[in-house]
Enquirer: 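Sharing a structure below in structure tokens format, with a few things to ask.
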Amino acid sequence: GWMRESTAQAEGLITSSAEMRMSVKRGPIQITITIETEFVETESHEPVSMRAKQVMGALPIETTYTFTEAGVDVSTIQSGRTTTRTLPTPAGDWVTPALASQIMADALAAGESSATVTVLDPAIGLVPVTTTRSGFEEASIEVLGKVVPGYRVSSVTSIAPGSTSTDFIDREGNLLRSTTSLGGMQ
């Protein structure tokens with residue numbers, strides 16, 4: 001499978017997008033899973049909205065979260081039906097994706113040995129996810145035909161305790177490549 005991440009800034013908003021596609025095949029049967037996410041925040045790192053679209057088989061599910069003063073308006077579309085509800089804004093010290101990237105870049109620039117951030121991942125929903133990256137080791141990898149200097153790090157997340165991934169990040173802390181074991185596969 002593969003994953004692609006991007007960040008765009010326009011009209012006072014920062015949009016962090018990701019798309020992941022993974023196929024699993026056993027004999028003649030192949031299942032493809034696609035997850036697309038988007039998180040929109042202000043330049044001052046206030047959450048505006050987030051969206052996740054998951055296609056696992058024939059029925060896609062799209063969920064949109066809109067942050068308001070009253071909480072988070074959640075709209076889910078599945079099988080042509082829309083459900084809406086308002087939930088409380090998650091408590092705790094979570095940050096937006098662009099701020100999490102800045103925290104990682106600051107830790108790298110300061111020579112820290114690890115960095116921990118807690119964010120909302122649109123694919124997970126309103127449950128804050130904590131990621132710790134450690135063991136920063138200078139490394140260069142090829143990305144789209146160019147050699148990019150950066151770091152090889154170990155990452156653990158609160159949603160997959162006990163599972164460590166090996167990530168390559170650039171000098172600003174942006175993810176370039178990640179390898180994770182999944183049921184004995186990498």
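Since the model is a prediction, treat every value here as computed from it, not as a measurement.
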Enquirer: Quick one: does Ile14's side chain get under 4.5 Å of Val40's, heavy atoms only?
Expert: no
Enquirer: Report the C-alpha distance between Glu138 and Arg171 in whole Å, list the side-chain angles of each, state the deciding distance to 0.1 Å, and finish with yes or no for side chain to side chain contact (heavy atoms under 4.5 Å, CB included).
Expert: CA-CA 9 Å; Glu138 287 199 31; Arg171 298 209 185 275; 3.7 Å; yes
Enquirer: Could you pull out the closest heavy-atom pair between Val129 and Ser158, with the gap in Å?
Expert: CA-OG, 3.5 Å
Enquirer: Can I get a per-line list of side-chain donor-acceptor pairs under 3.5 Å for residues 104-127, giving both atom names and the distance, sequence neighbours left out?
Expert:
from, atom 1, to, atom 2, distance (Å)
Asp106, OD1, Gln102, NE2, 2.7
Thr116, OG1, Thr132, OG1, 2.9
Thr118, OG1, Thr130, OG1, 2.7
Asp121, OD1, Ala123, N, 2.9

Enquirer: With a 4.5 Å heavy-atom cut-off, do Arg85 and Thr83 have their side chains touching?
Expert: no
Enquirer: Measure the spacing between CD1 of Ile35 and OG1 of Thr37 and express it to the nearest 0.5 Å.
Expert: 8.5 Å
Enquirer: Determine whether Leu87 and Phe67 fall in the same hydrophobic cluster, where Ile, Leu, Val, Met, Phe, Trp and Tyr are linked whenever their side-chain heavy atoms lie under 4.5 Å apart.
Expert: yes
Enquirer: Is any side-chain heavy atom of Arg177 closer than 4.5 Å to a side-chain heavy atom of Val148?
Expert: no
Enquirer: To the nearest 0.5 Å, what is the distance between CD1 on Ile31 and NZ on Lys25?
Expert: 12.5 Å
Enquirer: Using the salt bridge (charged side-chain N to carboxylate O under 4.0 Å, His left out) rule, collect all pairs that involve residues 58-73, keeping only residues at least two apart or in two chains.
Expert: Arg51-Glu62
Enquirer: Give, for atom CG of Leu176 and atom CD of Glu5, the distance between the pair rounded to the nearest 0.5 Å.
Expert: 9.5 Å
Enquirer: About how many Å separate CD1 of Ile141 and CD1 of Ile169, when rounded to the nearest 0.5 Å?
Expert: 10.5 Å
Enquirer: What distance do Gln9 atom CD and Thr15 atom OG1 have between them, rounded to the nearest 0.5 Å?
Expert: 9.0 Å
Enquirer: Donor-acceptor check, side chain of Thr68 to backbone of Ala70, threshold 3.5 angstrom: yes or no?
Expert: yes
Enquirer: Go through the steps for Thr32 and Gln30 under the test side chain to side chain contact (heavy atoms under 4.5 Å, CB included), then give the verdict.
Expert: CA-CA 7 Å; Thr32 299; Gln30 178 172 309; 3.6 Å; yes
Enquirer: If every non-hydrogen atom of Asp170 is compared with every non-hydrogen atom of Tyr151, which pair is closest and at what distance?
Expert: O-CD1, 4.1 Å
Enquirer: Tell me whether Leu13 at atom CG has more than 12 heavy atoms from other residues, nucleotides or ligands lying less than 6.0 Å away.
Expert: yes
Enquirer: Between Trp94 and Pro47, what is the shortest heavy-atom contact and its length?
Expert: CH2-CG, 3.8 Å
Enquirer: So which of Ser17, Ser16, Ser6 actually passes side-chain contact (heavy atoms from CB on, under 4.5 Å) with Glu38?
Expert: Ser17
Enquirer: Can you sort out the partners of Arg4 under salt bridge (charged side-chain N to carboxylate O under 4.0 Å, His left out), two or more places apart, ordered by chain and number?
Expert: Glu19
Enquirer: Would you name the heavy atoms of Ala139 and Phe168 that are closest together and state the gap between them?
Expert: CB-CE2, 4.1 Å
Enquirer: To the nearest 0.5 angstrom, please state how far the CG atom of Leu175 sits from the OG atom of Ser165.
Expert: 8.0 Å
Enquirer: With Thr34, which residues qualify under side chain to side chain donor-acceptor pair (under 3.5 Å), at least two apart?
Expert: Arg21
Enquirer: Does Glu41 have any side chain to side chain donor-acceptor pair (under 3.5 Å) partners at least two apart in sequence or in another chain, and if so, which?
Expert: His45, Thr96
Enquirer: Considering residues at least two apart in sequence or located in another chain, which fulfil the side chain to side chain contact (heavy atoms under 4.5 Å, CB included) criterion with Thr82?
Expert: Ser75, Ile77, Thr84
Enquirer: Please find the pair of heavy atoms, one from Pro149 and one from Val147, that lie closest to each other, and give the distance.
Expert: CD-O, 3.9 Å
Enquirer: Same hydrophobic cluster for Met3 and Phe39, using side-chain heavy-atom links shorter than 4.5 Å among ILVMFWY?
Expert: no
